Amino acid sequence: MTKPSSAVPEGAFAIVHSRYNAEIVQALVKGARDTLKAQGVGERDIRVTEVPGAWELPLAAAYVADDEDVVAVIALGCVVRGETRHFEHVADECARGLMTVQLESGIPVANGVLAVEQYEHARERAGGKLGNKGEECALAAITMARLAAER
């Protein structure tokens with residue numbers, strides 16, 4: 001078996017993110033961008049698209065995954081539990097939609113949509129004591145783009 005390449009695949013990395021819970025999401029976007037750059041992805045190969053909320057992320061992911069030079073998509077957002085079941089609908093269907101985009105397009109989609117009980121839990125995962133999910137997703141996207149390139 002051959003050893004996987006450590007080079008970053010050529011092509012664009014698309015970040016799609018929601019506008020909702022902007023403080024958290026912007027920290028995730030920064031973490032993803034900084035990590036992509038640190039791994040050798042050029043600024044011109046990082047494409048950022050904003051949508052209103054997590055509900056719209058799967059469609060945006062499908063749009064950018066359809067671009068010929070995109071090698072991976074990073075979806076970032078934050079859904080905080082409220083007093084209604086809306087939280088479950090948005091979080092679960094967003095995750096399902098992102099998985100569908102990945103499987104149907106063959107383009108890796110890293111799911112960095114936080115689904116948390118309290119806003120503070122999101123802060124902990126957006127550069128707080130539990131790290132930055134945007135960074136984790138960028139690394140996952142690179143790893144999966146490498147795997148796809150080796151096929």
Side-chain angles (χ1 to χ4, degrees), residues 1-80 90-116 119-151:
M1 179 177 255
T2 60
K3 183 180 178 205
S5 168
S6 61
V8 175
E10 287 188 33
F13 287 80
I15 299 172
V16 294
H17 71 88
S18 67
R19 186 178 315 133
Y20 209 74
N21 291 314
E23 173 192 359
I24 298 301
V25 175
Q26 287 305 312
L28 297 174
V29 171
K30 181 177 181 346
R33 285 181 77 106
D34 290 350
T35 300
L36 290 170
K37 288 180 192 175
Q39 294 295 313
V41 178
E43 183 66 40
R44 67 177 171 69
D45 288 325
I46 301 172
R47 298 193 189 140
V48 181
T49 302
E50 181 182 84
V51 298
W55 187 259
E56 292 79 21
L57 285 171
L59 184 57
Y63 289 157
V64 299
D66 201 33
D67 289 348
E68 191 173 296
D69 63 337
V70 168
V71 296
V73 178
I74 302 165
L76 302 171
C78 179
V79 183
V80 181
V90 172
D92 293 348
E93 295 306 319
C94 176
R96 185 181 340 270
L98 293 172
M99 179 60 76
T100 299
V101 170
Q102 176 172 252
L103 294 174
E104 290 181 356
S105 70
I107 300 295
V109 178
N111 181 356
V113 180
L114 302 176
V116 296
Y119 197 79
E120 186 55 38
H121 297 162
R123 278 196 188 102
E124 292 171 356
R125 289 160 179 81
K129 67 182 180 182
L130 296 177
N132 186 307
K133 190 68 171 175
E135 293 173 8
E136 292 174 25
C137 286
L139 292 173
I142 290 169
T143 299
M144 294 305 295
R146 279 187 194 127
L147 181 62
E150 292 170 2
R151 293 187 55 231

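All values derive from a computational prediction rather than experimental measurement. For reference, positions follow the sequence shown, starting with 1. Just so you know, these numbers use all the heavy atoms, side chains as well, and skip hydrogens, waters and symmetry mates.
- Looking at heavy atoms from C-beta onward, F13 lies in side-chain contact with V8 at the 4.5 angstrom threshold.
- In terms of heavy atoms, I46 sits closest to R33 at CD1-O, 4.1 Å.
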**Q.** Verdict with supporting geometry, V116 and I24, side-chain contact (heavy atoms from CB on, under 4.5 Å)
**A.** CA-CA 12 Å; V116 296; I24 298 301; over 6 Å; no

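- The two residues L98 and A61 come nearest to each other via the heavy atoms CD2-CB, 3.9 Å.
- For A138 against A32, the heavy-atom pair with the smallest separation is CB-O, 3.7 Å.
- Side-chain atoms of R123 do not come within 3.5 Å of backbone N or O of Y119 as any donor-acceptor pair.
- Taking all atoms of both residues into account, the shortest heavy-atom contact from P58 to V101 is O-CG2, 3.4 Å.
- Environment of CD in E10: sparse, with no more than 12 heavy atoms of neighbouring residues, nucleotides or ligands closer than 6.0 Å.
- Taking OG1 of T35 as the reference point, atom NZ of K37 lies at 11.0 Å (rounded to 0.5 Å).
- Separating the CD1 atom in I107 from the CD atom in Q102 is a distance of 10.0 Å, to the nearest 0.5 Å.
- Without hydrogens or angle criteria, D67 side chain to D69 main chain gives no donor-acceptor distance under 3.5 Å.
- Of the inter-residue distances, the one linking E56 atom CD with T49 atom OG1 reads 13.5 Å to the nearest 0.5 angstrom.
- V109 has its side chain out of reach of M99: every pair of non-hydrogen atoms, C-beta onward, lies at least 4.5 Å apart.
- Considering all non-hydrogen atoms of both residues, A54 and S18 come closest at N-CB, 3.7 Å.
- Side-chain contact between L114 and L28: present, with at least one pair of heavy atoms (C-beta onward) separated by less than 4.5 Å.
- Between the NZ atom in K30 and the CG atom in L76 there is a gap of 13.5 Å [rounded to 0.5 Å].
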Q | Candidate pair V70 and R47, rule side-chain contact (heavy atoms from CB on, under 4.5 Å), full reasoning | A | CA-CA 9 Å; V70 168; R47 298 193 189 140; 3.8 Å; yes

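- We find the CG-CE distance between L139 and M144 to be 13.5 Å, quoted to the nearest 0.5 Å.
- For the atom pair CG (L147) and CD1 (I142), the distance works out to 14.0 Å, reported to the nearest 0.5 Å.
- For the pair E50/V29, no side-chain contact is recorded, criterion being any heavy-atom separation below 4.5 Å from C-beta on.
- A pairwise comparison of heavy atoms in V113 and L57 identifies CG2-CD1, 3.6 Å as the closest pair.
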Q. Should V25 and R19 be marked as a side-chain contact (heavy atoms from CB on, under 4.5 Å) after you check the CA-CA gap, both sets of side-chain angles, and the distance that decides it?
A. CA-CA 7 Å; V25 175; R19 186 178 315 133; over 6 Å; no

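- The backbone N or O of A7 sits less than 3.5 Å from a side-chain atom of R146, completing a donor-acceptor pair.
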